[in-house]
A.B. asks: 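Structure in structure tokens, see below.
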Protein chains: 2
Amino acid sequence: MAKRRNDALPALSDAEWKVMRALWARHPATARELLAALTTETGWAYTTLRTLLARLVEKGAVSESKEDGTSVYEPLLREDRARSTAVRSLLERAFDGGFGSLVHFMLENEELSSRDRTELERMLLESKKKGSRS
Amino acid sequence: MAKRRNDALPALSDAEWKVMRALWARHPATARELLAALTTETGWAYTTLRTLLARLVEKGAVSESKEDGTSVYEPLLREDRARSTAVRSLLERAFDGGFGSLVHFMLENEELSSRDRTELERMLLESKKKGSRS
DNA sequence: CCCATGCTACTACACGTGTAGTAGGCGTCA
DNA sequence: TGACGCCTACTACACGTGTAGTAGCATGGG
């Protein structure tokens with residue numbers, strides 16, 4: 001069997017995304033440290049964060065190690081993997097699983113600000129210019 | 001105050017998206033008709049679909065009218081509004097609320113197939129060609 | 001030596017979501 | 001006219017998620 005690289009990519013809930021963002025931004029980190037980083041955004045109680053971290057550990061998205069009796073966390077799931085999963089999920093729910101229809105939507109839809117659309121086009125030009133990267 | 005156009009856009013769950021897709025594809029429609037359209041994809045029981053429809057009606061995403069004693073459904077939420085909400089939600093969860101970082105991600109990330117990236121670029125060229133749409 | 005603090009482990013609980021089931025009414029075909 | 005089938009209204013129930021609370025152990029300061 002060997003790799004099995006796509007073995008259950010965990011889908012993150014909203015609150016879990018917040019935790020992961022904090023953890024990606026600075027890790028390893030203790031719950032206290034994460035709470036400090038998240039408190040203005042969320043106002044969570046310490047135990048709330050601990051619950052979320054425990055769930056993330058269960059999901060395999062975060063590792064927990066005891067450092068001197070205190071839990072220290074480290075992300076296992078990488079941000080781009082998580083993003084990828086989230087994008088795929090959106091595509092399947094709302095865009096026929098198709099990538100093109102998302103882009104099409106982004107380009108055509110009024111509700112995405114025209115500033116956004118401009119940015120999109122700029123990025124694409126930029127990307128073309130720079131060739132197919134790597 | 002006046003407009004308040006963004007007054008609670010309903011977020012759709014996965015199953016609800018399926019219903020809405022069927023309904024957008026063909027409406028007005030009865031539950032039976034929708035079930036017929038959805039049955040291979042979902043295998044839902046009739047009552048399951050009814051439950052989902054009821055929830056969508058509650059959310060204001062679908063209208064229900066009695067036609068001769070039988071419920072007939074019509075989408076109230078338009079597909080592009082729903083898509084827009086979903087995209088915004090993704091951006092906020094996973095892409096700093098920023099549109100650019102999503103595009104950037106799409107262009108840079110290996111996990112979106114290169115077929116996808118190719119399609120993206122094609123669409124953009126096409127869109128540029130056609131100008132900024134009427 | 002004992003209390004305040006801080007950490008961990010476990011529990012709680014409401015609401016959303018996926019997925020139905022049951023009861024009861026109505027038309028229709030035999 | 002009674003059984004069959006279809007529809008509606010209501011109920012159920014497990015699991016995920018958001019958001020904590022409580023109990024109990026350790027440790028350091030007075």
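Every chain is numbered from 1 and lettered A, B, ... according to where its sequence line falls, protein lines coming before strand lines.
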A.B. asks: Identify the heavy atoms of B:Ala61 and B:Leu12 that sit nearest to each other, and give their distance.
C.D. replies: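 Closest heavy-atom pair between B:Ala61 and B:Leu12: CB-CD2, 4.4 Å.
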A.B. asks: Quick check: does any side chain N or O of B:Arg83 sit under 3.5 Å from a backbone N or O of A:Phe95, one acting as donor and the other as acceptor?
C.D. replies: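 Pair absent, no side-chain N/O of B:Arg83 close to backbone of A:Phe95.
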A.B. asks: Using nucleotides 3-7 of chain D, report all nitrogen or oxygen pairs with the protein that are shorter than 3.5 Å.
C.D. replies:
unit_1: D:dC7; atom_1: OP2; unit_2: B:Arg32; atom_2: NE; d: 2.5
unit_1: D:dC7; atom_1: OP2; unit_2: B:Arg32; atom_2: NH2; d: 2.9

A.B. asks: Hey, is the main chain of B:Ala11 close enough, under 3.5 Å, to the side chain of B:Lys59 for a donor-acceptor pair?
C.D. replies: yes
A.B. asks: What integer distance in Å separates A:Glu67:CD from C:dC7:C1'?
C.D. replies: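 Going from A:Glu67 (CD) to C:dC7 (C1'), I get 15 Å.
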A.B. asks: Is the number of heavy atoms from other residues, nucleotides or ligands within 6.0 Å of CD (B:Glu41) greater than 12?
C.D. replies: yes
A.B. asks: So which protein N/O to nucleotides 16-19 of chain C N/O distances come out below 3.5 Å?
C.D. replies:
unit_1: C:dT17; atom_1: OP2; unit_2: B:Lys59; atom_2: NZ; d: 3.3
unit_1: C:dG18; atom_1: OP1; unit_2: B:Ser13; atom_2: OG; d: 3.4
unit_1: C:dG18; atom_1: OP1; unit_2: B:Asp14; atom_2: N; d: 3.2
unit_1: C:dG18; atom_1: OP1; unit_2: B:Ala15; atom_2: N; d: 3.0
unit_1: C:dG18; atom_1: OP2; unit_2: B:Ser13; atom_2: OG; d: 2.5
unit_1: C:dG18; atom_1: N7; unit_2: B:Arg55; atom_2: NH1; d: 2.8
unit_1: C:dG18; atom_1: N7; unit_2: B:Arg55; atom_2: NH2; d: 3.4
unit_1: C:dG18; atom_1: O6; unit_2: B:Arg55; atom_2: NH2; d: 3.1
unit_1: C:dT19; atom_1: OP2; unit_2: B:Trp44; atom_2: NE1; d: 3.2
unit_1: C:dT19; atom_1: O4; unit_2: B:Arg55; atom_2: NH2; d: 3.2

A.B. asks: Would the distance check show the side chain of A:Trp24 and the main-chain N or O of A:Leu77 forming a donor-acceptor pair, the cut-off being under 3.5 Å?
C.D. replies: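 At least one qualifying donor-acceptor pair exists.
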A.B. asks: Can you check whether B:Ser13's main-chain N or O pairs, donor with acceptor, with B:Glu16's side chain at less than 3.5 Å?
C.D. replies: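 Checking the backbone N and O of B:Ser13 against the side chain of B:Glu16, a donor-acceptor pair under 3.5 Å is found.
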A.B. asks: Where the side chain of B:Thr85 meets the backbone of B:Arg81, is there a donor-acceptor pair that is under 3.5 Å apart?
C.D. replies: yes
A.B. asks: Taking atom types as modelled, find out whether B:Ser71 and B:Glu64 have a side-chain donor-acceptor pair closer than 3.5 angstrom.
C.D. replies: yes
